[in-house]
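Report on one structure; see the data block that follows.
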Amino acid sequence: MAHKTPISLDEHSAQVKASVDALIAGEESGLPRTFDNEDFLKRMRDRHGR
């Protein structure tokens with residue numbers, strides 16, 4: 001494993017808070033939706049022509 005430069009406690013706390021905030025946002029975003037690949041490709045082709 002590569003040696004990393006130590007970070008300050010403030011930097012570590014900020015990283016942990018950002019991770020926790022992202023997890024909470026994900027939990028609050030609701031249930032996942034089914035991804036329809038064919039519909040997605042159709043929309044992209046309609047928008048961008050191909």
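Note that the coordinates shown come from a computational prediction; the quantities given were computed from them, not determined experimentally.
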Look up atom CD in E38 and atom CZ in R43, then write down how far apart they are to the nearest 0.5 Å.
12.0 Å
If you round to the nearest 0.5 Å, how far is NZ of K17 from NE2 of H12?
14.0 Å
For the residue pair G26 and S29, what are the closest heavy atoms and their distance?
O-OG, 2.7 Å
To the nearest 0.5 Å, atom CG of D36 lies from atom CG of L41 at 9.0 Å
In this structure, CD of E28 is separated from CG of L23 (nearest 0.5 Å) by 11.0 Å
